[in-house]
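Here is the structure we will look at.
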Amino acid sequence: MNAVEQVQQMIKDALQQAIQQAQLVEDASALNIQLSQPKDKANGDYASNVAMQLTKLAQKPPRAIAEAIVANLATEGTDIEKVDIAGPGFLNITVRKDFLADVVEAALAQGEKFGQSTAGAGEKVQVEFVSANPTGDLHLGHARGASVGDSLCNVLAAAGYDVSREYYINDAGNQINNLAYSLEARYKQALGQEAEMPEDGYNGQDIIDIAKKLADEFGTTILDKPEEERFAFFREHGLKLELDKLKTDLANFRVDFDVWYSETSLYNNGKIDVALTKLKENGHVFEEDGATWFRSTTFGDDKDRVLIKKDGSFTYLTPDIAYHEDKINRGFTKLINIWGADHHGYIPRMKAAIEALGYNRDTLEVEVIQMVQLYKDGEKFKMSKRTGNAVTMRELVEEVGLDAVRYFFVKTAGDSHMDFDLDLAVSQSNENPVYYAQYAYARIASILRQATEQGFEASTANLDLLGAEKEIDVLKKVGDFPTVIAEAAKHRTPHRIATYIQELAAAFHSFYNAEKVLDATNKERTEARLALITAVRITLANALRLIGVAAPEKM
RNA sequence: GUCUCCGUAGCUCAGCUGGAUAGAGCAAUGCCCUUCUAAGGCAUCGGUCGCAGGUUCGAAUCCUGCCGGGGACGCCA
């Protein structure tokens, strides 16, 4: 438990004791006392609404309850400085600021680990995200999913979960056949031959590039081979090159997966049959119209789903069911899937499948990422993999910059729709909020460099000299960091890290303008402030790392 | 038509399990660089929290119904 949490716990304990003492309820230990941080500093450091919550139980008006609590509150020898009753019955608690010095010491001592906690208790969590088909370039939606997914993983790991990040490769099914046929057509075109693209072909530039590469290497020899061999050639090479490209693009986006899981492997190792058999044995499968169905309506789905089509092939769902059972078999107790909103309707059937296999449906948690609407020249910019005019993730990064893109996508809640004005992002990139945080970091780095030149050294010896209003504001923000991470992990809301970064940077900028750090006439205070801003530097660096944004030493 | 997500300042978005006069950035206006990076700070302007009911001591937050927008409703993936 960090210093801030200790103080909060102490307050909660004291309140609980006072409530018991005042005999407002029979058993105060059963109460879940909550503290909030008032927006207005005039209302103290912490506030509790417990007096209002107890109106029913205690059968008294809230202010009377509040007064009874205060009368019985033991503050002697604690960090509680004073307690006021305000408004309808809020308890406004002001604490001594001494404990905040511990925050600086903790940040300095823990360094890169500052902010981490054991809140997740080592729970084995698997996060599957992006998982785009290897048939084209990653686009805007994938970029948002990658930003949110990667940041969520970082946050979970920092909060003490055992996280594995995974990419499910859809390397089986129709779309791969289309890939092969599309590639063959582009291959012929690359060799100057007439060739028509298949009707459902992939028209992306990436296929053209890959075809050219292959044509340069293999020439016309491939085209003389029998159809089956040609198909296998284009399928295999297309997949490999598409996958290589995906991996490179994601690595350049600062996203690294622990596992790349092949759908085809499920066909080869019999896991699909195992899952199917289990569903059958559990009585959730039936035959109709020449197809094999999963009675998902038993588990709340709005219609039953086909598992094996009339032609004997599997639907997309079938290997996906086997895949999810395999995840559970690998020991994960929580499966978090990050899906685009266009797959929203798929959730009930997947949860149904998990339940039908005998597991708790809540083992699977799906975080839906809403669509990104791109605007260009003041108009909606439609993207389509099919027609090939998509704005790719790569292009976006080239135009806007990686830090800005990652920040932009993670700063809003995933379930909110998002408008991305490309012109604005490009033309006013210097006004992107990400620079605000990075600038704070660079400013600190600059001060620290000059401090060294002037012979100062950060010191925790005189932290009691920190007491100016802006210093306290910064200290409080730094102290919040571990709690912010734990909450963001618990609620799967990595965007809270971005919000926190803005707040911390704002607190620092404000402090910077109000107080001078380097002061040759006051060595003690200078070195205490150096310790303070070093704590901010550490916190900013750790927070930015969580969302995959760089912390520049200079700007 | 059914399901689902969203609707908060001119724009883009926060608002934690309901809590005290609803916040930030951008835009607009006015100040602040002989002082550690002005990609900054301070201040002002700006909102019937889509609408109407309901639950509650208390609702932007929970429930219902409308209105508006996105998405999904395949033996595609």
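Residue numbering restarts at 1 for every chain, and letters A, B, ... go by the order of the sequence lines.
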Counting only side-chain nitrogens and oxygens, does [X] get under 4.0 Å of the OP1 or OP2 atom of [N]?
X: A:Q450; N: B:U37; answer: yes
X: A:K490; N: B:C16; answer: no
X: A:K309; N: B:A77; answer: yes
X: A:H495; N: B:G15; answer: yes
X: A:Y436; N: B:A38; answer: no
X: A:T412; N: B:C13; answer: no
X: A:Y316; N: B:A77; answer: no
X: A:R305; N: B:G74; answer: no

Counting side-chain heavy atoms from C-beta on, which of [options] comes nearest to [X]?
X: A:R449; options: B:A20, B:C5, B:U37; result: B:U37
X: A:L518; options: B:C75, B:G41, B:C36; result: B:C36
X: A:A442; options: B:C16, B:U37, B:C36; result: B:U37
X: A:Y435; options: B:U37, B:C16, B:A39; result: B:A39
X: A:H509; options: B:C36, B:A38, B:G41; result: B:G41
X: A:W293; options: B:C75, B:G25, B:C36; result: B:C75
X: A:T315; options: B:C16, B:A20, B:A77; result: B:A77
X: A:K411; options: B:C13, B:A77, B:C42; result: B:C13
X: A:Y512; options: B:C36, B:C16, B:C76; result: B:C36
X: A:A341; options: B:G19, B:C16, B:G71; result: B:G71

(request) Establish, yes or no, whether the cationic atom of A:R349 lies under 6.0 Å from the six-membered ring centre of A:F294 and within 45° of the ring axis. (result) no
Does [X] reach a base, just sugar-phosphate, or nothing at all? Heavy atoms under 4.0 Å.
X: A:D421; value: nothing
X: A:Q438; value: nothing
X: A:Q53; value: base
X: A:A47; value: base
X: A:N49; value: base

(request) Can you establish whether the number of heavy atoms outside A:K309 located under 6.0 Å from its atom NZ is more than 12? (result)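 Above 12, so yes.
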(request) Please indicate whether A:Q454 has more than 12 foreign heavy atoms, meaning atoms of other residues, nucleotides or ligands, lying under 6.0 Å from its CD. (result) yes
Pairs under 3.5 Å (N/O, protein and nucleotides 6-11 of chain B):
none

(request) Apply side chain to side chain donor-acceptor pair (under 3.5 Å) to A:R496 and A:T493, showing your working. (result) CA-CA 6 Å; A:R496 287 195 199 179; A:T493 48; 3.2 Å; yes
(request) Would you check if the side chain of A:R144 reaches a backbone N or O of A:Q370 as a donor-acceptor pair within less than 3.5 Å? (result) yes
(message) Could you check B:C33 for me: syn (within 90° of 0) or anti?
(response)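 Judged by the O4'-C1' to base torsion, B:C33 sits in syn, the angle falling within 90° of 0.
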(request) To the nearest Å, give me how far apart CD1 (A:I501) and P (B:G25) are. (result)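 After rounding, the reported distance stands at 16 Å.
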Could you write out each protein N or O paired with an N or O of nucleotides 31-35 of chain B at a distance under 3.5 Å?
from  : atom 1 : to     : atom 2 : distance (Å)
B:U35 : O2'    : A:K516 : NZ     : 2.9

Salt bridge flag under 4.0 Å for residues [X] and [Y]:
X: A:K310; Y: A:D289; answer: no
X: A:E515; Y: A:R529; answer: yes
X: A:K334; Y: A:D362; answer: no
X: A:E166; Y: A:K327; answer: no

(request) On RNA chain B, check which nucleotide each of A:N92 and A:E515 is closest to and give me the residue with the more 5' one. (result)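 It is A:N92, whose closest nucleotide lies nearer the 5' terminus.
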(message) For A:K303 and A:H491, find the nucleotide of RNA chain B closest to each by heavy atoms; which residue's nucleotide sits nearer the 5' end?
(response) A:H491
(request) Apply side chain to side chain contact (heavy atoms under 4.5 Å, CB included) to A:L465 and list each qualifying residue two or more places apart in sequence or on a separate chain. (result)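 Partners of A:L465 under the side chain to side chain contact (heavy atoms under 4.5 Å, CB included) test: A:N462, A:E524, A:R525.
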(request) Can you label the angle between the A:F420 ring and the A:F408 ring as parallel, tilted or perpendicular, going by 30° and 60°? (result)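 Correct class here is tilted.
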(message) Can you tell me if A:F90 is stacked onto the base of B:A20, using a 5.5 Å centroid cut-off and an angle below 30°?
(response) yes
